[in-house]
Every structure is written in C-alpha cells, then in structure tokens.
Amino acid sequence: MTPILSLSAADLEKWLEDHDAPAYRRRQVWSWLARGATSFDAMRDLPKALRTALAAAFDVSSLRPIATSAADRGLTTKTLFELEGGHSVEAVVMRYADRSTLCISSQAGCPIGCPFCATGKFPFGRNLKSHEIVEQAVDAQRVLASEGRRLSHVVFMGMGEPMANYSAVIESVRRLADPELLGISPRRIVVSTSGLIPRIAELAEEKVPVTLAISLHAARDELRDVLVPINRKYPVRELVDAAQAYGARTGRRVSYEWVMLAGVNDTERDARELGVLLKGRNAHVNLIPFNPVEDTPFHAPQRSSIRTFKEQVQAQGLNVTVRDTRGREADAACGQLHERVMRGKVAVS
Ligand code: SAH
Ligand code: SF4
C-alpha cells in the first residue's frame, strides 16, 4: 500500500477532495502523525468513514522495525528498520536533559567507502526516498512523545552520504521543518557530508539554513585521499572553501568532524595542519573518538592523546570540542547495528 507520507500536501488534499473530504483534513492527518499515531483509526477527530477510507488506501509508515538496542541506561536507543524491497537502515535516538536528538539515515549503505566506517563495508543498497527519511523522524517522535519528550534535533549522521541523495534529503528537510508536520527548525538539523562540493554550493541556495558538518578527518590530501576517498575528486582546500562559502551565505557556523584514529590522524603534525587549514575561519572542530569497527586496521587513541590533540588544535586559535561517546553499547555509530545484525550477532525480532 502507499505510505501516506509519500504524498505531497497537494496530492493528499486532492485525494481527500476525491473522497468528499475537505482539504483541512490533511493538516489533521499530519498533526496526528507528528503526535505519534500508529493507525488511522486513532485519528479521533476524523469521521469514521474517512478513517476507514484512509486505512484502505494508505500505510501510516513504510518502515518495519526489525531490531532494537539500548545503551546509556535507556537514554540512547537504536532501531533497525527494514525498507520496502528488503534493505535496512538504522536510526538512533539520544536523550539529553534539554533536548532529544535523532541520528537519521539517508541511504541503505554508502557509496563513498571510508575504510574506518561500518556502513561503507557493505555493498551500496539504494537511496532512501524522502518519505522514508521523514518516517524515521515520525517514529522517533512517537517513541519520545510516549516518554513526555519531543524530538528537537535531527542529525544526518546515520547510514549514507546525504549529499549523494540530494533531492530526497532536501525534500525531507523541508518536511522535518514544516510546522504542519514536525516543525524542527533547520538550524537544529545537521547535514553531515564527506564533501561533495557541487552539492554544498547548491545547498547554500536552498533557503533551508541547516547546519553543515564536514567530515574532514585529515587536513592533507595525501591522508584524506585514503580516509575519505571522495577527496580524490574534491580536494580538501576546495572543500573548506565551499563549506565556508556555505557558512557565509547562511550565517551558520560550519562544523568540522575529525574521527580520532590512533597513530593515523592524531599526531602533532595533524594538529598543526588542521590549524593552518582552518586558521581565521568561522569554524568549529568536533573530535569524535573512533568507535571500533571489526576488520578495520584502526584503533581509538588513549584519552590522554585526544586531550593533547585538542590542546594542540586549540592553541592555534580554533574552537574545539570532543564529542561524547553516546551509544557505544548500542552500536550507535554509523551502520554498526546493521553490521552486527548482518553478522548474526544481534537477534532480529
Ligand atoms: N556520510 C556522512 C554522514 C554519515 S557518517 C559523512 O560521512 O559525514 C557521520 C559521521 O560519523 C561522520 O563524520 C563519520 O566520519 C563518522 N563515523 C563513521 N564511522 C565512525 C566510527 N566507527 N567511529 C566514529 N565516527 C564514525
Ligand atoms: Fe559513507 Fe559517511 Fe561512512 Fe564515509 S563515513 S562510508 S561517507 S557513511
């Protein structure tokens, strides 16, 4: 059956009109979805006949949850969803005192193939459709609403390269931000990219000023060519120029992500090169301790090396934070629950 969120507002209103229902019913349906309704029958302010007709024509969601895991005493939960056609993607909800953040997937697998990333290790599956991205957020909102919480932030840091599925991602961002659906301000949405320069330039013109995160991980081409293979096409200096132009155009400070890999990109030389690359730029550096992935040659550095690296970067005048390691036990980094399910280490419910 057709997933209801695969219809645009205009298409759903047309369907309603064809079924002798007023257009404003569309807003009511969306509002119920945003409040976590799991069936059309639960949408109590719609006439019974309309609820029945909707249920006969549409699914509330196309996603089928097939595995879950929890960590941080339940503050982090992760769901693996099966998509129509059989691929699967994961979404992670992280609960904090003042916010609830969803880490969302934009592709089943990823075509970029960074050697430290669990997602990049499986063959690329397919792009998600915009409604499949939005449905992850609607599901998270449902879970959070049942706990008296509200989804406040969304980060595109799950499986996939959002800029390689550009139009569906932009469409989903518009939906997430739509006050009639989830109403999450674009500034609370982070799009993380390995660096597809033409798409960054395009994004700057969309009038959806999301926060841009660049997965930098190395400041010299020779190393970044290996860690983030798309660098061979879009070299690091040009990438930073494009990202900063995005920041200037949107007024949003750009974030640069740096996965800390022991002995690979955590040396004094790396800190110096990062300082030179970003000096004088309106930028924020986020150091991410590597979350170990089986069958990769990489290791997380000692805490003391992370601290030293941070101080070395800071000493060059940059803003630096170290990301907390939320969700390690939940396999919450990028494709890791998916990987464990594939390897048969996690039971599928
Ligand atoms: N493809 C996009 C978005 C998804 S990955 C991108 O690469 O930006 C989100 C972030 O998680 C990226 O910064 C990525 O480098 C990081 N990441 C991937 N695998 C990781 C791991 N095993 N440990 C820590 N961070 C990881
Ligand atoms: Fe893809 Fe991002 Fe993983 Fe690289 S880090 S393989 S771009 S998901």
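Counting starts at 1 for both ligands and their atoms, following the listed order.
- With ligand atoms numbered from 1 in the order given, ligand 1 contributes 6 (C), 8 (O) to contacts under 4.0 Å with heavy atoms of Ser194.
- The heavy-atom pair separating Ser6 from Pro3 by the smallest distance is OG-O, 2.6 Å.
- Annotation for ligand 2: atoms under 4.0 Å from non-hydrogen atoms of Ile112 are 7 (S).
- Within a 6.0 Å radius of CZ in Arg174, other residues, nucleotides and ligands contribute more than 12 heavy atoms.
- Residue contacts with ligand 1, taken as heavy atom pairs separated by less than 4.0 Å, involve Thr193 solely via the backbone atoms N, CA, C and O.
- For Cys110, the heavy-atom gap to ligand 1 stays at 4.0 angstrom or more.
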Yes or no on side chain to side chain donor-acceptor pair (under 3.5 Å) for Tyr246 and Glu202, after CA distance, side-chain angles and deciding distance?
-> CA-CA 9 Å; Tyr246 178 88; Glu202 211 174 320; over 6 Å; no

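- In this structure, Ser215 has no heavy atom closer than 4.0 Å to ligand 2.
- Atoms CG and OG, on Asn127 and Ser106 in that order, are 8.0 Å from each other to the nearest 0.5 Å.
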Test log, rule salt bridge (charged side-chain N to carboxylate O under 4.0 Å, His left out), inputs Asp221 and Arg232 = CA-CA 8 Å; Asp221 284 322; Arg232 291 176 210 151; over 6 Å; no

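- When non-hydrogen atoms are compared, ligand 1 lies under 4.0 Å from the backbone of Asn291 as well as from its side chain.
- In this structure, the ring of Trp32 has its center no less than 6.0 angstrom from the ring center of Phe40.
- Applying the 4.0 Å criterion to heavy atoms of Ser194 picks out, from ligand 2, the atoms 7 (S).
- Residue contact check: Gly160 has heavy atoms under 4.0 Å from atoms 1 (N), 2 (C), 3 (C), 4 (C) of ligand 1.
- Heavy-atom proximity to Phe156, at under 4.0 Å, picks out these atoms of ligand 1: 3 (C).
- Residue Glu257 places no N or O, backbone or side chain, under 3.5 Å from any N or O of ligand 1.
- Across all their heavy atoms, Glu135 and Leu5 have their closest contact at CG-CD1, 4.1 Å.
- One of the N, O or S atoms belonging to Cys114 lies under 2.8 Å away from atom 4 (Fe) of ligand 2.
- The heavy atom nearest to atom 2 (Fe) of ligand 2, out of those in Gly160, Gly109, Ser192, Pro111, is found in Gly160.
- Residue His217 places a heavy atom under 4.0 Å from ligand 1.
- With ligand atoms numbered from 1 in the order given, ligand 1 contributes 22 (N) to contacts under 4.0 Å with heavy atoms of Val293.
- Against a heavy-atom cut-off of under 4.0 Å, Gly113 is close to the following atoms of ligand 2: 6 (S).
- Between Met159 and Thr119 the shortest heavy-atom distance is CG-OG1, 3.6 Å.
- Glu206 and Tyr166 share a side-chain donor-acceptor pair at under 3.5 Å.
- At least one heavy atom of Gly158 sits less than 4.0 Å from an atom of ligand 1.
- With rounding to the nearest 0.5 angstrom, the CD atom of Glu132 is 11.5 Å from the CD1 atom of Ile104.
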